[in-house]
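Notes for the one structure printed next.
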Amino acid sequence: MNVLDELRNRFRVALKKMDSGAAELASMVLPSQDAKFGDYQANCSMPLGKRLGKPPREVAQLLVESLDVADICDPCEIAGPGFINLRLKKTWLVEQLHDLLGDTDKLGIVPTSNPRTFVLDFSSPNVAKPMHVGHIRSTVIGDALCRVLRQLGHKVISDNHIGDWGTQFGMIIYGSKHFSDAAKLRDDTVGELGRLYQRVNQLADYHITRTKKIPAIEQQLLEHVARLEEMHDTTVLKDPKENKKSEKRLRQTEARLAELRQTLDNLRKKLVVVDEDAELTAQAAAHPDISDKVLAETAALHAGDANNRALWERFLPACLEEISVTYRRLGVTFDHALGESFYHNRLMGVVEKLVGHGLIKESDGAKCVFLKGYSAPFIVQKKDGAFLYATTDLATIDYRCQEWSPDAILYVVDHRQSLHFEQLFATARLSGYADLELQHISFGTVLGEDGRPYKTRSGTAVGLSGLLDEAVERALRTVCDNDDARDIPLLSADERQLVAKRIGIGAIKYADLAHNRTSDYVFSYDKMLAMNGNTAAYMQYSYARVRSIFSKGGVEADALRESGAAILIAEPAERALALALLQFSEALERVASDYRPNHLTSYLFELASLYAVFFENCPVLKAASTEVRDSRLLLCDLTARTIAQGLNLLGIETVERM
RNA sequence: GCGCCCGUAGCUCAGUUGGAUAGAGCAACGGACUUCUAAUCCGUAGGUCGCAGGUUCGAAUCCUGCCGGGCGUGCCA
């Protein structure tokens, strides 16, 4: 039962009676923000009053009179300018909870009346290149949305659009031809390919840093210094407004200058690493044009060179295996992983199709789609004939539509690519996909505690597996400390490992999901692993605490449910908990309606908080009577299952004891 | 220059799409373990929702203009 939907349905009927066009105002029935205003509130009297030209309180009165909710709610109250406050009847609340008890895995989640087919495009790592912190959000948010939409009854096809056809692959091909150890490549392909990528990348970066990056930065530095001097000379303007502006520019230039110096410093340090290593220095000297060669290898692969193609086929499985290790740790799966290479021979067709629609214009030798409202064109073929990711993305839409006929395709990709997606979607619509929902599920950057994008000290991206290691390691320390502090430790060594793993991985996922995806967020082990507040560890602890009541009391939850024991609600804490338990499906609806998993974490945190109040105020095993004890056990059981299922939908596992 | 996003407690963040007195967690202060996991809970204090206008019964939320920040911006992805 979705209470909110039910109430809205009742209001819709009443609203229609009052004004034929007013049915849509039913959406103004919402959960109350404050318990003193009841459980739900209807805010529609004010707009309706305006519509009918009557005072809102009078309209509210009429609405209440024609409203049929007597079976669900206590008599409605009208408050303030015309709010209608609704409080669920205790008997009805209890009835609904009993329905939940029988509904073991769904917990009151009603399948949507409008099932849709979604394609979810998320994670999208590059092969041959280790996954890093930047992949967390896409992977975790995408996976959570996938699970929630499925739970609500939608058909979801997850597709990992892997980068398996780009320059990184050219790097390992080049590496295998020049730096490879045949025995290692045979015995430990994954490890050796990782080493090759790293080496080639390092050498290429060395030359580029030396010949391009550093001179460019030095040039910029000079320009900024010159500009600063010029500014100092001209800041004595009379106009205060102009003065302010130039002061601002001065500050910005100074800040930029400091940043440039820092960058330059880091770049020089990178050079030193190579210069101080004899083997690296020799290799750098032996491969001065390594970047061009890598591009040539990539181009040869694309052109169908038999040798490179064979290497690609030989190496790809190992690369995919490497990636899947991370997915196994994260517990993330995909229905498909059709990478860029899959679309390789469909790209020409994309351009031809666009030409057929009359959308292509040539500009400076490149084939472009010029879109209304955008100054930059959407380029689908470069002047040298090569295709771009715009082309691949269009081919992917074609394929997905042919194969799966989705109602919607969601791309879980960071916000910096929003322009690309706007143009992609606009182009797709012009080329025949007017009814398809195309959504960029964008998200912000993961920042370090300094507020800058989260990087290692040397300025490279933080590796994902190391990140997971550290979270698990920290969790293990806490688990051990706490368990050792007990009179009798609760956990075996194996169990401690398992608990640490679930807490550590859960912490990273939860921290990510609990933030509104559109904003940047600060990555902090201490915060995400905290036992207080809206964290995975707190939720997992809440779950374990509930479960321990069952083990302590020797109660088997399934047997209790089947025993026909009744839920009785007397204490305010019991009522508040009961109401929250009934609202699980509303939380999931909120997640689905704008693709924001943080609505579910908020709900779970609130549920756990209400349970904590219940736990403090309502003894369970030591309740005054068996009836109350059984009733409270049933509430505990529902709480445990709701938390577990909620976390499960976020891709987070629970433990029975911790 | 143009485009998109952001600015909420000392810090990290929510805020159900325009609803009632703006909420959490951390940090600070004060309480609660012979009682189901104290890895916890309860209480106190903390706000010009960047600033100024506007829209209306009602604005953190919508519109305009400023201030401050991030990102993007024709042949990478």
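Here the structure is a predicted model, which means the values were calculated and not measured. Lettering of chains follows the sequences in order, A, B, ..., and the numbering in each one begins at 1.
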Interface polar pairs with nucleotides 12-19 of chain B, N/O, under 3.5 angstrom:
unit_1: B:C13; atom_1: OP1; unit_2: A:Val522; atom_2: N; d: 2.9
unit_1: B:A14; atom_1: OP1; unit_2: A:Asn516; atom_2: N; d: 2.7
unit_1: B:A14; atom_1: OP1; unit_2: A:Ser519; atom_2: OG; d: 2.8
unit_1: B:G15; atom_1: OP1; unit_2: A:Asn598; atom_2: ND2; d: 3.2
unit_1: B:G15; atom_1: OP2; unit_2: A:Asn516; atom_2: ND2; d: 3.1
unit_1: B:U16; atom_1: O4; unit_2: A:Gln33; atom_2: OE1; d: 2.9
unit_1: B:U16; atom_1: O4; unit_2: A:Gln33; atom_2: NE2; d: 3.3
unit_1: B:U17; atom_1: O4; unit_2: A:Asp594; atom_2: OD2; d: 2.9

Between which residue ranges does RNA chain B form stems of three or more consecutive Watson-Crick or G-U wobble pairs, both distances under 3.5 Å?
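Output for stems: B:1-7 with B:67-73, B:10-13 with B:23-26, B:28-32 with B:40-44, B:50-54 with B:62-66.
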Return the set of residues passing salt bridge (charged side-chain N to carboxylate O under 4.0 Å, His left out) with [X] (not counting sequence neighbours), or none when no residue passes.
| X | value |
| --- | --- |
| A:Glu606 | none |
| A:Glu340 | none |
| A:Asp594 | A:Arg596 |
| A:Asp520 | none |

Regarding A:Ser524 and A:Asp526, is there a side-chain donor-to-acceptor distance under 3.5 Å anywhere?
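Per modelled atom types, A:Ser524 and A:Asp526 side chains form no pair under 3.5 Å.
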For RNA chain B, which residues in residues 481-491 of chain A have a heavy atom at a distance below 4.0 Å?
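By residue number: A:Asn482, A:Arg486.
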Once you round it to whole Å, what is the distance between C1' of B:U37 and CG of A:Leu621?
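Checked: the CG to C1' distance equals 13 Å.
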Going by the rule ring pair (Phe, Tyr, Trp, His ring centres under 6.0 Å), which residues pair with A:Tyr411 if we only count those two or more places apart in sequence or in a different chain?
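For A:Tyr411, the residues satisfying ring pair (Phe, Tyr, Trp, His ring centres under 6.0 Å) (neighbours in sequence not counted) are A:Phe421, A:Phe425.
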Ignoring backbone atoms, test whether A:Asn532 places a side-chain nitrogen or oxygen under 4.0 Å from the OP1 or OP2 oxygen of B:C26.
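Checking B:C26 against A:Asn532, a side-chain N or O does come within under 4.0 Å of OP1 or OP2.
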For B:U56, does either OP1 or OP2 sit under 4.0 Å from a side-chain N or O belonging to A:Lys50?
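It does not, given that no N or O in the side chain of A:Lys50 lies less than 4.0 Å from OP1 or OP2 of B:U56.
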Ring centres within less than 5.5 Å and planes less than 30° apart: is that true of A:Phe37 and B:A20 in this structure?
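Yes; by the centre-distance and plane-angle rule, A:Phe37 counts as stacking on B:A20.
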Output one letter per nucleotide in nucleotides 71-77 of chain B: B when a protein non-hydrogen atom lies under 4.0 Å from the base, S when only the sugar-phosphate is that close, - when neither is.
SSSBBSB
Mind checking side-chain hydrogen bond (donor to acceptor under 3.5 Å, both in side chains) for A:Asp484 and listing every partner two or more places apart, or none if nothing turns up?
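A:Asp484: side-chain hydrogen bond (donor to acceptor under 3.5 Å, both in side chains) contacts with A:Arg496.
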With A:Ser341 via side-chain hydrogen bond (donor to acceptor under 3.5 Å, both in side chains) - residues at least two apart:
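A:Asp164.
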Solution key, residues 616-624 of chain A side-chain donor-acceptor pairs under 3.5 Å, sequence neighbours excluded:
unit_1: A:Asn617; atom_1: ND2; unit_2: A:Val613; atom_2: O; d: 2.7

Taking the six-membered ring of A:Phe615 (Phe, Tyr or Trp), confirm whether the NZ or CZ of A:Arg545 is under 6.0 Å from its centre and within 45° of its axis.
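Geometry flag: set, cation within 6.0 Å and 45°.
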